[in-house]
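A short worksheet on the structure shown next.
Order of the sequence lines fixes the chain letters, A, B, ..., with proteins taken first and strands second; residue numbering starts at 1 for each chain. Values below: every heavy atom of this structure, side chains too, minus hydrogens, waters and symmetry copies.
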Amino acid sequence: MSIKMYNTLTRKIEQFKPLEEGKVKMYVCGPTVYNYIHIGNARPAVVFDMVRRYLEYRGYDVEYISNFTDVDDKIIKAANEMGEDVKTISEKFIKAYHEDTGALGVKTADKHPTVTETMPEIISFIERLVDKGYAYESQGDVYFRTRKFDDYGKLSHQSIDDLQLGTRIEVGEKKEDPLDFVLWKSAKPGEIYWNSPWGNGRPGWHIECSAMVKKYLGDTIDIHAGGQDLSFPHHENEIAQSEALNEKQMANYWLHNGYINIDNEKMSKSLGNFILVHDIIKKFDPNVVRFFIVNAHYRSPINFSDELLNSSENGLERIKTTYANLQHRLDETANLGEEKDKWIDEIDSHHDAFIKEMDNDFNSANAVAALFELVKTANLYLREKHTQKSVLEYFLKRMDDMAYVLGIKLIEEKELLDDEIDGLIQERIEARKNRDFARADEIRDLLKDRNIILEDTPQGTRWKRG
RNA sequence: GGCGGCAUAGCCAAGUGGUAAGGCAAGGGUCUGCAAAACCCUCAUUCCCCGGUUCAAAUCCGGGUGCCGCCUCCA
């Protein structure tokens, strides 16, 4: 068994073969940090974090890099509007990005390079493109000679001549050709700038990723990923820059995630239909948001609404309840010594299904279905009169494994109950023993008002937060 | 004008040639002191429409309809 993934470059699902056995070099385009991220920005962070987790789970050593664009027109604009400097703004939103994605269970990358700290490499990258004739200086700007790069359009499968027919490509007086794109922008008065061989200015948008990939991962990497809207022009331009300079394929596999929609339309800043992660996690457990995202295939568009989130919340609750029930039962169970039995085989079959689905282009929708099947099996097992510790532990282990890959948490931090509540629970247990059900129900209602839900099981009473 | 995606139950969503996963919601039942949780049963003779290929199509081919996206900053 091996992992397959859809490669935008070939438009096919391909067997994954890393450059180096057992290792994966992966780069994911990160955000421009001029605002809090919205759910649409969060999707690539979440789904490629899941890809990373899965590759690691399958034994790969993954080197994972994701950038922050911390200098850019939009940040300059935001800085001017807020009366702050660029650095203050970018630092603020880098911090916010880590908080928001962290809440969604996204692991920190091995390195989150910024444009500002990669400046020497960016400038040298551009210089070498100029030396090779792929770029030219024009009144303090530097442009890439798009037509000189023969493979231009290979990722988005656009013919360079069809692009010209589009009416939206700006001509620009400084360009030799309307298709040329900027590598270095000269600074306007008052703007933040760096010194360069072409005067004071700052990098264009695309060059940073080319420089960072080269610096941290090398000329050719295994996986380059990002949102679908980056495939053109961003990734196309990255390919042009990197392959023109390095004369090697930039990435073997290009992965792109689908959009998040609101009412079937792409969530975007310009439409104003975006929901900030910052805000939604005040309303829903971020764990629910994560579960919602991984519940669909990463390439499918997904609609986003409170109603759908509620549905996910209920589904996740079911999984968590089973997990808690397994743990509760574990405390009451001795190991009888019997080892191999049909339950173990059942667990294995669901785990195998999970692996098979994830192997197939990270089909987490089906992988979640496998998790639900495991939950169902666990619930059946929990109805047995006699359970074995080793089997319960194996259920928990496999649930842990799946939850790890999906990046969801199955366990709440159980804060300690205060003495009063604990006393009430004890009192109720006594009352039930004495068949004083009126008092028992009274206590249950009392606790319910305090958001403590009681469940009586043959193995005793357990509680959870509502 | 070019390139691409999608259309499956009340809702979400897999499935890309072998006879419709999974979840949410809903209804009925079992268990329970009552609940909760769980379990069982029911819930698409059918996959946007029309043709075609095939022993066999939601899946392949042709045509049509509708929605969405990229070609401009965008995850």
Walk along nucleotides 6-22 of chain B from 5' to 3' and tag each nucleotide B, S or - by protein heavy-atom contact under 4.0 Å, base first, then sugar-phosphate. ------S-SS-----BS
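- Applying the side-chain hydrogen bond (donor to acceptor under 3.5 Å, both in side chains) criterion to A:Glu191, with sequence neighbours excluded, gives A:Arg202.
- For the pair A:Glu455 (side chain) and A:Thr461 (backbone), a donor-acceptor distance under 3.5 Å is absent.
- Counting heavy-atom neighbours within 6.0 Å of A:Lys269 NZ, excluding the residue itself, gives a total above 12.
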Contact state string [nucleotides 27-36 of chain B, B base, S sugar-phosphate only, - no protein heavy atom under 4.0 Å]: ------BBBB
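- The pair A:Arg299-A:Asp361 counts as a salt bridge, with a side-chain nitrogen and a carboxylate oxygen less than 4.0 angstrom apart.
- Of the residues near RNA chain B, A:Lys376 and A:Asn257, the one whose nearest nucleotide (by heavy atom distance) lies more toward the 5' end is A:Lys376.
- Helical stems involving RNA chain B, defined as 3 or more consecutive Watson-Crick or G-U pairs under 3.5 Å, span B:1-7 with B:65-71, B:10-12 with B:22-24, B:26-30 with B:38-42, B:48-52 with B:60-64.
- Within 6.0 Å of the OH atom in A:Tyr193, the count of heavy atoms belonging to other residues, nucleotides or ligands does not exceed 12.
- Here A:Asp441 pairs with A:Arg444 in a salt bridge; the nearest charged N to carboxylate O distance falls below 4.0 Å.
- Using a 4.0 Å cut-off, no side-chain N or O of A:Asn379 falls inside it from OP1 or OP2 of B:A38.
- Taking all atoms of both residues into account, the shortest heavy-atom contact from A:His235 to A:Cys29 is NE2-SG, 3.2 Å.
- Atom CD of A:Gln459 and atom C1' of B:A38 are 12 Å apart (whole Å).
- By the 4.0 Å N-to-carboxylate-O rule, A:Glu427 lies close enough to A:Arg439 to be salt-bridged with it.
- Here the nucleotide nearest the side chain of A:Arg11, chosen from B:C3, B:C40, B:A37, is B:C3.
- A:Tyr36 meets the ring pair (Phe, Tyr, Trp, His ring centres under 6.0 Å) test with A:Phe93, A:His278; sequence neighbours excluded.
- The only member of A:Thr69, A:Thr114, A:Thr116 that meets side-chain hydrogen bond (donor to acceptor under 3.5 Å, both in side chains) when paired with A:Glu208 is A:Thr69.
- If you measure from atom CD1 of A:Ile293 to atom P of B:G23, you get 21 Å, rounded to the nearest angstrom.
- Residue A:Ile319 contributes atom CD1, which lies 9 Å from atom C1' of B:G23 at whole-angstrom precision.
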Set out, in order, the CA-CA distance, both residues' side-chain angles and the distance that settles salt bridge (Lys or Arg N to Asp or Glu O under 4.0 Å) for A:Asp180 and A:Lys174, then state yes or no. CA-CA 10 Å; A:Asp180 294 348; A:Lys174 302 179 190 171; over 6 Å; no
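- Taking for each of A:Gln158 and A:Ser231 the nucleotide of RNA chain B with the nearest heavy atom, the 5'-most of the two is the partner of A:Gln158.
- Ion pairing between a basic and an acidic side chain is recognised when a charged N comes within 4.0 Å of a carboxylate O; A:Lys87 and A:Glu91 show such pairing.
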For nucleotides 65-69 of chain B, list the nitrogen or oxygen atoms of the protein found under 3.5 Å from its nitrogen or oxygen atoms, one pair per line.
from, atom 1, to, atom 2, distance (Å)
B:C67, O2', A:Asn264, ND2, 2.9
B:G69, O2', A:Tyr259, OH, 3.1

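- Rounded to an integer number of Å, the gap from CG of A:Asp161 to C1' of B:C3 is 14 Å.
- Atom OH in A:Tyr381 sits roughly 17 Å away from atom C1' in B:C39 (whole-Å rounding).
- Nucleic acid contact for A:Leu382: none, since no nucleic acid atom lies under 4.0 Å from a heavy atom of the residue.
- The residue A:Ser156 sits close only to the backbone: its heavy atoms come under 4.0 Å of sugar-phosphate atoms, none of a base.
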